[in-house]
Asks: 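What follows is a structure written as structure tokens; I'll ask about it next.
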There are 2 protein chains.
Amino acid sequence: MKDLTHTQRMVLGFLKEYLSKHGYPPTIREIGAHFGFLWPAARGHLKSLEKKGFIRINPSRSRGIEIIGASYPERKAIPILGRIRAGSPEIASEEIDGTIKVDETLFPGEGLFCLKVRGESMRDGGILDGDFAVVRPQNTIENGEIGVVLIGDEATIKRVFLKEKKVILKPENKEMEATIHEPSEVTILGRVIGIIRSRV
Amino acid sequence: MKDLTHTQRMVLGFLKEYLSKHGYPPTIREIGAHFGFLWPAARGHLKSLEKKGFIRINPSRSRGIEIIGASYPERKAIPILGRIRAGSPEIASEEIDGTIKVDETLFPGEGLFCLKVRGESMRDGGILDGDFAVVRPQNTIENGEIGVVLIGDEATIKRVFLKEKKVILKPENKEMEATIHEPSEVTILGRVIGIIRSRV
DNA sequence: CTTTCATATATACAAATGTATACTAAAAAA
DNA sequence: TTTTTTAGTATACATTTGTATATATGAAAG
């Protein structure tokens, strides 16, 4: 996607702000008035934004500006799992401790779930005790990614390496040692695609 | 809140559907056309919906229909600021790079904003490059909390200590040194109350 | 050096859109 | 019964709003 000029970025910012404030987009004249220039100039910026793919202008419709990608982000509730039952890919409702609602755009994908992080084992990787880890369920994982792994009955978050047919689970903490496992011992539940921390 | 008639409920439903589909509300004529009756009838329904408190009609504004309550349910958009202008407590629209929508319950408070973290200075505190820091604006900060501080023209995130009438800004990174400032040199913009990280 | 693009003013015009009023009719409320 | 609310049709009008074009300047690109 092409770069925006300063003015174009400002106009796009105003569009988003106006939209979230009023629930409908501004008119071309309102945009011009906000920035202090005459409105035909605003139209030029809108045309540029459309050409660069940031917005869509519906011809002849008043306020017919759609912000592409962010128009009306579908919000989804991500369930927070207190415990993970061995071998169950689907989420049982009794395991849901609550939900967190976040932008679809921020964490895309289906079937996401959250885990509350316990312990300091991933501290050096920027994952602290009490954080919520956003997990995308998947059966395999790329070498070196942070995954949610089930060992026996317990789910842990570790950086996962695959080496010589062994699974190496490496904590991001200098005081802790990596553990080596047979592939049959561990089950990959998913990849950590995000962290949400609240320290209110 | 008063009950709606069948037609009114239908109209309200269409409003929500149209809004989520297009990103902007329908015109009165579009509402009428959708239901097959002439548009002045639709205006009557809108007036009723407004009187009963379900929508707000902005006079003389095209598509100026706001759905009260239901449209933006218990969710707030937190603006992402690209840069922070010195000395301006209020948020200028040209500085908004986008928004993140999260639960009110997760990050309560008014006037929150987000900053995209740059650099490794808070790495050991679990704040990584590229994270979004959720900031609650406030003028003072408790000793040892993580704050957003303006030095000159630049905003940085540091752990803030107040000691012997000096302000100590301590990076959470063993390779970096704390800096000591006169209180007049620094402006406390807010406290970091959360972190959102997306590594999709 | 010429062309293009970004930015902006100024103006004319057509289309879209909201406002208002008159009228009818059935159902609900007083 | 009488009045109010709901639900329409029909029409006129003013305002809002988008479209288009001519003009100009400075910066960037070729």
Side-chain angles (χ1 to χ4, degrees), chain A residues 1-19 21-68 71, chain B residues 1-15 17-19 21-68 82 92-95 97:
Chain A
M1 201 169 277
K2 289 175 190 168
D3 282 345
L4 295 180
T5 66
H6 177 66
T7 318
Q8 287 163 2
R9 205 187 326 278
M10 301 213 309
V11 170
L12 186 61
F14 176 67
L15 284 178
K16 292 175 180 173
E17 187 203 9
Y18 189 105
L19 195 61
K21 193 170 175 180
H22 296 88
Y24 49 83
T27 65
I28 301 176
R29 282 167 177 83
E30 283 170 342
I31 299 169
H34 178 266
F35 291 102
F37 44 65
L38 296 188
W39 58 273
R43 184 168 161 83
H45 300 309
L46 290 177
K47 288 276 198 183
S48 303
L49 282 169
E50 186 181 38
K51 200 157 70 178
K52 291 181 179 175
F54 286 82
I55 64 171
R56 176 166 33 252
I57 303 175
N58 297 281
S60 300
R61 322 200 94 188
S62 68
R63 302 174 192 273
I65 303 169
E66 293 174 65
I67 301 172
I68 292 175
S71 58
Chain B
M1 201 169 279
K2 288 174 189 169
D3 284 343
L4 295 180
T5 67
H6 177 67
T7 318
Q8 286 164 2
R9 205 186 325 279
M10 299 274 285
V11 169
L12 185 60
F14 175 67
L15 284 179
E17 187 196 352
Y18 189 105
L19 194 60
K21 195 170 176 180
H22 295 87
Y24 47 83
T27 65
I28 301 176
R29 282 169 176 83
E30 284 170 341
I31 299 170
H34 178 264
F35 290 103
F37 45 66
L38 297 188
W39 59 272
R43 184 168 159 84
H45 299 309
L46 291 177
K47 287 276 199 184
S48 303
L49 282 169
E50 186 181 39
K51 200 157 72 179
K52 291 181 178 177
F54 286 84
I55 64 172
R56 177 167 33 252
I57 302 175
N58 296 280
S60 300
R61 321 199 95 187
S62 68
R63 303 174 191 271
I65 303 169
E66 293 174 65
I67 301 171
I68 295 173
S93 65
E94 60 268 28
E95 290 155 355
D97 275 1

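Labels below follow one simple rule: chain letters A, B, ... track the order of the sequence lines, proteins then strands, and each chain is numbered from 1.
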Asks: Does A/Thr5 place a side-chain N or O at less than 4.0 Å from the phosphate oxygens OP1/OP2 of C/dT7?
Replies: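 For C/dT7, OP1/OP2 do have a side-chain N/O of A/Thr5 under 4.0 Å.
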Asks: Measure distances between side-chain N and O atoms of B/Arg29 and base N and O atoms of C/dG18, and say whether any donor-acceptor pair falls under 3.5 Å.
Replies: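 Indeed, a donor on one side and an acceptor on the other fall under 3.5 Å apart.
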Asks: So, do B/Gln8 and B/Phe54 sit near enough that their side-chain heavy atoms are less than 4.5 Å apart?
Replies: no
Asks: Starting at CD1 of A/Ile65 and ending at C1' of D/dT16, how long is that distance when rounded to a whole Å?
Replies: 14 Å
Asks: Compare the minimum distances between each of C/dT11, C/dA6, C/dA20 and the side chain of B/Arg43, then state the nucleotide with the smallest one.
Replies: C/dA20
Asks: Give the rounded distance in Å between these two atoms: NE2 of A/His6 and P of D/dA28.
Replies: 15 Å
Asks: Could you tell me which non-hydrogen atom of B/Gly32 sits nearest to which non-hydrogen atom of B/Ala42, and how far apart they are?
Replies: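 Looks like N-CB, 3.8 Å.
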Asks: If you look at every heavy atom in A/His22 and B/Glu66, which pair is closest and at what distance?
Replies: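 Nearest heavy atoms, A/His22 then B/Glu66: O-CG, 3.0 Å.
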Asks: D/dT6, OP1 or OP2 - any side-chain N/O from B/Lys52 closer than 4.0 Å?
Replies: yes
Asks: Judged by atom type as modelled, is there a donor-acceptor pair below 3.5 Å linking the side chain of A/Arg9 to the main-chain atoms of A/Leu4?
Replies: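 Checked: pair present.
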Asks: Rounded to whole Å, how long is the line connecting atom CZ of B/Phe37 with atom P of D/dT6?
Replies: 14 Å
Asks: Measure the shortest side-chain to side-chain distance between B/Ile31 and B/Leu15 over non-hydrogen atoms and say whether it is less than 4.5 angstrom.
Replies: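 Yes - at least one pair of side-chain heavy atoms lies under 4.5 Å apart.
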Asks: What is the separation between atom CG on B/Leu46 and atom P on C/dT19, rounded to the nearest whole Å?
Replies: 10 Å
Asks: Who passes side chain to side chain donor-acceptor pair (under 3.5 Å) against A/Ser62, sequence neighbours left out?
Replies: B/Ser62, B/Arg63
Asks: Given C/dA6, is OP1 or OP2 found less than 4.0 Å from the side-chain N or O atoms of A/His45?
Replies: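 Negative; the distance criterion is not met.
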Asks: In residues 57-64 of chain B, which ones come under 4.0 Å of DNA chain C, going by heavy atoms?
Replies: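 B/Pro59, B/Ser60, B/Arg61, B/Ser62, B/Arg63, in order of number.
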Asks: Rounded off to whole Å, could you give me the CD1-to-P distance for the B/Ile28 and C/dA20 pair?
Replies: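 For the pair B/Ile28 CD1 and C/dA20 P, the rounded distance is 11 Å.
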Asks: Once you round it to whole Å, what is the distance between C1' of D/dT6 and CE of B/Met10?
Replies: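 Rounded to the whole Å, the gap is 16 Å.
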Asks: In whole Å, what is the span from the CG atom of A/Leu38 to the C1' atom of D/dT25?
Replies: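 Atom-to-atom, A/Leu38 to D/dT25, this comes out as 15 Å.
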Asks: Using the side chain to side chain contact (heavy atoms under 4.5 Å, CB included) definition, which of the options B/Leu49, B/Val11, B/Ile68 pairs with B/Ile55?
Replies: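 Only match with B/Ile55 under side chain to side chain contact (heavy atoms under 4.5 Å, CB included): B/Leu49.
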Asks: Looking at the rings of A/His45 and A/Phe37, which for Trp means the six-membered one, are their centres under 6.0 Å apart?
Replies: yes
Asks: From the options D/dG8, C/dT7, C/dA20, select the nucleotide whose nearest atom is closest to the side chain of A/Thr7.
Replies: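 Selected nucleotide (nearest to the side chain): C/dT7.
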Asks: Rounded to whole angstrom units, what separation is found between the CD atom of A/Gln8 and the P atom of C/dA6?
Replies: 6 Å
Asks: Among C/dT17, C/dT9, D/dT11, which is the nearest nucleotide to the side chain of B/Trp39?
Replies: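 The answer is D/dT11.
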Asks: Measure the acute angle between the ring planes of A/Phe14 and A/His34, then classify it against the limits of 30° and 60° as parallel, tilted or perpendicular.
Replies: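 If you compare the ring of A/Phe14 with that of A/His34, the planes turn out parallel.
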Asks: Quick one: bend of the helix from C/dC1-D/dG30 to C/dA30-D/dT1 from 5 pairs per end, to 10°?
Replies: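 Helix axis angle between the two ends: 40°.
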Asks: Are the side chains of A/Phe35 and A/Thr7 in touch, meaning some heavy atoms are under 4.5 Å apart?
Replies: no
